[in-house]
Amino acid sequence: MLTLVQLLLFGLRLAAATTPATWRHCADLPPLDLLSFVLERDTSKPVPGVHIKQAGGLRGLHFSSPHTAMSFPASQLLVNCDLFPQEFSIVLTMKVSSSAAKRNEYIFTLMEPNNKEQGDSEERDNRGGRMGSKNRKERGRLILGLRLSRKRLHFLFRGHGGATENWGFGDANLADNQWHTLVLAISGHRVSLTVDCRIPLEIVPARHFPSSINFQGSRFHIGSRGKWKGLYSGLMRQLVLVPCADATHHICPSSKPQLAALSVPLILLDLPVTEREGDGHLSTHNHKSSKKGRRVEVGPKRSCSEKQQDELWFNPQRRGLYLCDGTAWIAVLQDHKRLDYLVEHQVLATSSETHDIEVFQVPGVGLMAAMAHRSTASGSAVYMWNQTGFQLYQNISTYGALACRHFIMGKKTYLVVSNCGGVPERHSNTELPMDFSVIYKWSKKRKQFVPLQTLHTHCARDWEAFKINRHTYLAVANHRQGDNNHTINSVIYKWNRSTKSFEVHQLLPTSGAYDWEFFMVGPYHFLVVANAFDGVTTSVDSVIYVWVNGSFQVFQTIKTFCATDWEMFHIGSRVFLVVANGHRLHLNGPSQYAINSTIYELDMIGQMFVRFQDIVTYSAVDWEFFSLGEESFLVVANSFNGESYSLNSIIYRWQGYEGFVPVHWLPTIGCSDWEFFTINEEAYLIYSSAKVPLSKVFKLKTY
């Protein structure tokens, strides 16, 4: 089993579990704004060799010489670490004329100093001295850098054995005299270049980016490699190094993808800027009486339209500075949100106990919440969010509903709901249970969900929708057939475009299946099932599958105890899976409800998930991962402790080396599901109860 996987995942390599602590310090660094670092080190002096030029209504930096003012020791930026991160992103906004890139030009480089300068380069910088032109020689060998040629963008680095590696992108089309924003994301198994939020250009390198690049004594050079040859001739507006993370999702989508901003130096915004007369060198000192400075509006949020384009607005509540791009406010400087406390926003009286909630957006309609209600008489319901909270929007006939899941195909929205054992009134004279699931399609004409297809299922506890190679699949977790048969097949369905229906694609053996979770790691597709009961014991294996040649094959088995939920999440470049263990039961022995649920981390060297952290839970039935600003959280649905259904569900916060630690306790009753959602720039959590007819919405207060 693992031999096949090792061949499949040969390109996956991370050193999260085995890297030395000195390298790990780099993982804790925030995004590093290289341009701001050199421009704002000494705001009382002009910056030699650097000019501000305006093009297309925007300011950018132009380099007239490879002056040491735009060079600095790497140790000043990458602090408390010796090795360059193995995974990182570079965010760049640049403008290249069609005639400029006729030769090799360097956007930035990290250079090894020559032997003569090795011992005193940092000392000179600490004294504030400037190296003269006699010392402006090539700084030893190149460690890594970004180079622009006429038709390609090249990422260069010192590879294994000391040879220079060159990863090139030939379809970037950058030399067109237009502004472009690029995100270059480097990981051990994947290299991608995203230009203006378009479809990423990807390459799979023959060799991975090395994990042992030592940059001690090296220097960053902005716009050059420390000498005249190769000086960058275009304009540069943004250059950010993001250690140990793919910054693409922070940049895209954007209303103006060519100018998407992660961090732009203040000097390049519409703030007071002067040029020293005679030499045109950039000066960053302030002139309070300058008439060139644009007034910054302070107070409640203002409209942003073409009339307000390039205006600045300071939000004192969020301590953020925003720039209007003509359509929306773009964060220039913003204090990250931090969770302070939660307040009860809404107590939603439901028609019945609820086993599952699905919160989703219907394009052009609004935010909705579908709830799988236990009662056959009242059926299930779809709620719509208004200014005060969720309000009932549509009733759906269901029979002991257990799960609901929405998905999108093309521009159409769908909802699948499972039934388990309910008996409709028209069959009241029989004992035939209505054990099926129904797929609904959103009707724009009727403005509600209408039935599309019925599928025969067996007390389905969960549905999972996903796409592989542009095909849509549905995975159903069949829990049991009848009252006692839990060892049955769960099914993978595939959408048939010709018949416009889902058809059986693959059968997978499961034991009291409770949940499916689909996720991707690089180019690989995974599906993990939560197996809960085999008819004898809850100590059964849950299984992780990997997609191979058109079907799922076993990747790894993990011992679980009445597993009810899997949740996959990323923190930086690290990949985690957390399982909710319900209880221990064997034959007719007593059940144990206070047991460990476990977080696993993907060890890409060993190519398997390994135990990372155990957390005591009480008949846990759900985990929900969410992020606020730079902080990550997990909330668990504790449902029963052996005596009572009234107990606390707990929010845990990521604390780095400490893992997840409890920070908030929320009173719940028979909690069955948690969902996180945001609307109108506010964050919320909603939970459902399988024991009482209510759901509660909590508003997350931040500071």
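The structure displayed is predicted, hence computed values, not measured ones. Heavy-atom basis, side chains included; hydrogens, waters and symmetry copies ignored.
Between Tyr684 and Phe677, the angle of the ring planes stays under 30°, which puts this pair in the parallel group of the 30/60° scheme. Using a 30° and 60° split on the angle between ring planes, Phe518 and Phe466 fall in the parallel class, below 30°. Taking the six-membered ring where tryptophan is involved, the planes of Tyr593 and Phe640 are perpendicular, since the angle between them exceeds 60° and thus also 30°. The aromatic rings of His479 and Tyr514 sit perpendicular, their planes meeting at an angle over 60°, well past the 30° parallel limit. Ring-plane geometry between Phe625 and Phe569 is classed as parallel, the angle between the planes falling under 30 degrees on a 0 to 90 degree scale with a further cut at 60.
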Could you list the donor-acceptor pairs under 3.5 angstrom formed by side chains in residues 359-367, with sequence neighbours left out?
none

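Partners of Ser511 under the side chain to side chain donor-acceptor pair (under 3.5 Å) rule, at least two apart in sequence or in another chain, do not exist in this structure. Looking at residues two or more places apart in sequence or on another chain, you find no salt bridge (charged side-chain N to carboxylate O under 4.0 Å, His left out) involving Glu631. Listed by chain and residue number, Gln553 satisfy the side chain to side chain donor-acceptor pair (under 3.5 Å) test with Ser551 (two or more places apart in sequence, or in another chain). Applying the side chain to side chain donor-acceptor pair (under 3.5 Å) rule to Glu344 yields the partners Lys696; only residues at least two apart in sequence or on another chain are considered. Partners of Thr350 according to the side-chain contact (heavy atoms from CB on, under 4.5 Å) rule, which considers only residues two or more places apart in sequence or in another chain, are Leu348, Thr354, Met371, His373, Tyr383, Pro693, Ser695. Among residues two or more places apart in sequence or in another chain, the side chain to side chain donor-acceptor pair (under 3.5 Å) test is passed with Glu503 by Asn496, Thr499.
Within the structure, disulfide (SG to SG under 2.5 Å) pairs that include any residue of residues 437-486 comprise Cys420-Cys459 (at least two apart or interchain). Among residues at least two apart or in separate chains, side-chain hydrogen bond (donor to acceptor under 3.5 Å, both in side chains) pairs with a member in residues 658-669 are Ser649-Thr668. For residues 355-383, the pairs satisfying salt bridge (Lys or Arg N to Asp or Glu O under 4.0 Å) are Asp356-Arg405, Glu358-Arg405, with sequence neighbours left out. Sorted by first then second residue, the side-chain hydrogen bond (donor to acceptor under 3.5 Å, both in side chains) pairs that include residues 436-452, not counting sequence neighbours, are Ser437-Thr457, Ser437-Trp463. Sequence neighbours left out, the pairs with a member in residues 523-547 that pass salt bridge (Lys or Arg N to Asp or Glu O under 4.0 Å) are Asp541-Lys559.
You'll find the side chain of His471 stays beyond 4.5 Å of the side chain of Trp495, heavy atoms only. Using a 4.5 Å heavy-atom cutoff, the side chains of Leu700 and Phe633 are not in contact. Using a 4.5 Å heavy-atom cutoff, the side chains of Phe626 and Thr678 are not in contact. Considering only heavy atoms from C-beta on, Tyr524 stays 4.5 Å or farther from Phe555 through its side chain.
Remark: the Thr598 side chain and the Asn596 side chain contain no N/O donor-acceptor pair separated by less than 3.5 Å. Looking at Ser380 and Thr398, their side chains do bring a donor and an acceptor atom within 3.5 Å of each other.
Within 6.0 Å of CZ on Phe449 lie more than 12 heavy atoms contributed by other residues, nucleotides or ligands.
In this structure, the separation between CZ on Phe526 and CD on Glu517 is 13.0 Å, given to the nearest 0.5 Å. The distance from the NE2 atom of His458 to the CD atom of Gln481 is 4.0 Å, given to the nearest 0.5 Å. Taking CD1 from Ile650 and CG from Leu634, the interatomic distance works out to 12.0 Å, rounded to the nearest 0.5 Å.
With respect to Leu508, the side-chain contact (heavy atoms from CB on, under 4.5 Å) criterion is satisfied by exactly one of Val554, Val543, Asn489, Ile492: Ile492.
The minimum heavy-atom distance between Pro662 and Tyr652, with the atom names listed, is N-CD2, 3.4 Å. Taking all atoms of both residues into account, the shortest heavy-atom contact from Val529 to Trp566 is O-NE1, 3.2 Å.
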